[in-house]
Amino acid sequence: MRMTVADLMTTDVVAVHDTTPFQMVAEILVESGVSGLPVVDEDDRVLGVVSAADLLRKEEFRQRFAGDRYRPPLRARLRHGFGAEGDTFRKAEGETAGDLMTSPAIVAKPDFSVVRAARLMDRHGVKRLPVLDAEGGLIGIVSRGDLLKVFVRQDAEIERELRGLACVTQAAHLEITVAQGVVGLTGRTDRRSEADAIVCGAERIDGVVGVHADFTWARDDTVPVTSWAGV
């Protein structure tokens, strides 16, 4: 079974309210050792996310007005220009979590796949996703670091899952090795499609970094057979 956000998320979530003062948000970020926090309303509904970068906007603007000629990288300027991080000036002037947060929050559901969560983060330029249940309640948060956990599975665990695949159990002549997440497959099958299915199955296992296959087969059933009837 493939891992989902529910398997990787942190359930002990530290959150702040939209009315939480700037200084308290900074203190919670430092004490919790995290770089971002969900912002919730009085009913604990997620309104947005506030990050350390949001708080640092204030210092950035302070230095700019003091004559600092620092120019952010192009990617950061584009995000600001297209509003991916909200109104930069508003954040620099903000005094509460509600003023500072990026809203609406980009969120995940517990059944999201690792790939889906990673694509959401990449598409929206965020490093974490609040995880909501079916009623919209906050039940966890998943970060980029959490998603990386999928690649630290033990080799023995990966091999055990691989050997349990139907396409593998049906193979008569197959050798399997797993080292540092890299799967080695050597063997002979009756049909090429069987070998392809084994490779595909291995590639889909969580934690697999790569698959090196060396197969031979009795018949290549992936090549269309031309009928010569009537010639």
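Here the structure is a predicted model, which means the values were calculated and not measured. Heads up: numbering here begins at 1 and tracks the sequence.
No side-chain donor-acceptor contact under 3.5 Å links Asp133 to the backbone of Ile139. The backbone N or O of Val126 lies less than 3.5 Å from a partner atom in the side chain of Arg144, making a donor-acceptor pair. Panel note: side chain Thr189, backbone Arg191; a donor-acceptor pair is recorded below 3.5 Å. Side chain of Asp206 to backbone of Met3: a donor-acceptor contact under 3.5 angstrom is found.
Separation of atoms CD (Gln23) and CG (Leu55) is listed at 10.5 Å; rounding is to 0.5 Å. Atoms CD and CG, from Gln170 and Asp190 in turn, are 11.0 Å apart once rounded to the nearest 0.5 Å.
Both Phe112 and Met9 belong to a common hydrophobic cluster when Ile, Leu, Val, Met, Phe, Trp and Tyr are linked at side-chain heavy-atom distances under 4.5 angstrom. A single hydrophobic cluster is seen to contain both Leu100 and Val14, as judged by linkage of ILVMFWY side chains at heavy-atom distances under 4.5 Å, directly or through other members. Cluster annotation: Val107 and Leu8 are assigned to distinct hydrophobic clusters (Ile/Leu/Val/Met/Phe/Trp/Tyr, side-chain heavy-atom contacts under 4.5 Å, transitive).
In this view, Arg163 and Glu159 satisfy the side-chain hydrogen bond (donor to acceptor under 3.5 Å, both in side chains) rule, not counting sequence neighbours. With sequence neighbours excluded, the residues satisfying side-chain hydrogen bond (donor to acceptor under 3.5 Å, both in side chains) with Asp146 are Ser143, Lys149.
By the 6.0 Å contact criterion, CD on Glu27 is enclosed, its count of non-hydrogen atoms from other residues, nucleotides or ligands being greater than 12.
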All N/O donor-acceptor pairs, side-chain side in residues 32-49, below 3.5 Å, sequence neighbours left out:
unit_1: Ser32; atom_1: OG; unit_2: Ile28; atom_2: O; d: 2.8
unit_1: Ser35; atom_1: OG; unit_2: Arg128; atom_2: NH2; d: 2.5
unit_1: Asp41; atom_1: OD1; unit_2: Asp43; atom_2: N; d: 2.8
unit_1: Asp41; atom_1: OD1; unit_2: Asp44; atom_2: N; d: 3.0
unit_1: Asp41; atom_1: OD1; unit_2: Arg45; atom_2: N; d: 2.9
unit_1: Arg45; atom_1: NH1; unit_2: Glu135; atom_2: O; d: 2.4
unit_1: Arg45; atom_1: NH1; unit_2: Gly136; atom_2: O; d: 3.3

Mind listing the side-chain donor-acceptor pairs of residues 113-120 below 3.5 Å, one per line with the distance, residues two or more places apart or on another chain?
unit_1: Ser113; atom_1: OG; unit_2: Arg116; atom_2: N; d: 3.1

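What you find for Ala108 and Leu129 is that their closest heavy atoms are CB-CD1, 4.0 Å. A pairwise comparison of heavy atoms in Gln180 and Val209 identifies O-CG2, 3.9 Å as the closest pair. Across all their heavy atoms, Leu138 and Ala15 have their closest contact at CD2-CB, 4.3 Å. Between Val25 and Ala97, the shortest heavy-atom distance links the atoms CG2-CB, 3.9 Å. For Leu29 against Ser51, the heavy-atom pair with the smallest separation is CD1-C, 4.2 Å. Shown here for Asp155 and Gly181, the closest heavy-atom pair between the two residues is OD1-N, 3.0 Å.
Chaining together hydrophobic side chains whose heavy atoms lie under 4.5 Å apart leaves Val152 on its own. Within the hydrophobic cluster formed by Ile, Leu, Val, Met, Phe, Trp and Tyr side chains joined at under 4.5 Å, directly or through other members, Ile176 is accompanied by Ile158, Leu162, Leu165, Val168, Leu174, Val178, Val183, Leu185, Ile198, Val199, Ile205, Val208, Val211, Phe215, Trp217.
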- [ ] Could you please spell out the steps behind the side chain to side chain contact (heavy atoms under 4.5 Å, CB included) verdict for Val182 and His212?
- [x] CA-CA 8 Å; Val182 178; His212 297 170; 3.9 Å; yes
Open item on the list: Using side chain to side chain contact (heavy atoms under 4.5 Å, CB included), reason through Met121 and Leu147 one step at a time and then give a plain yes or no.
Closed with: CA-CA 11 Å; Met121 292 181 186; Leu147 298 184; 3.9 Å; yes
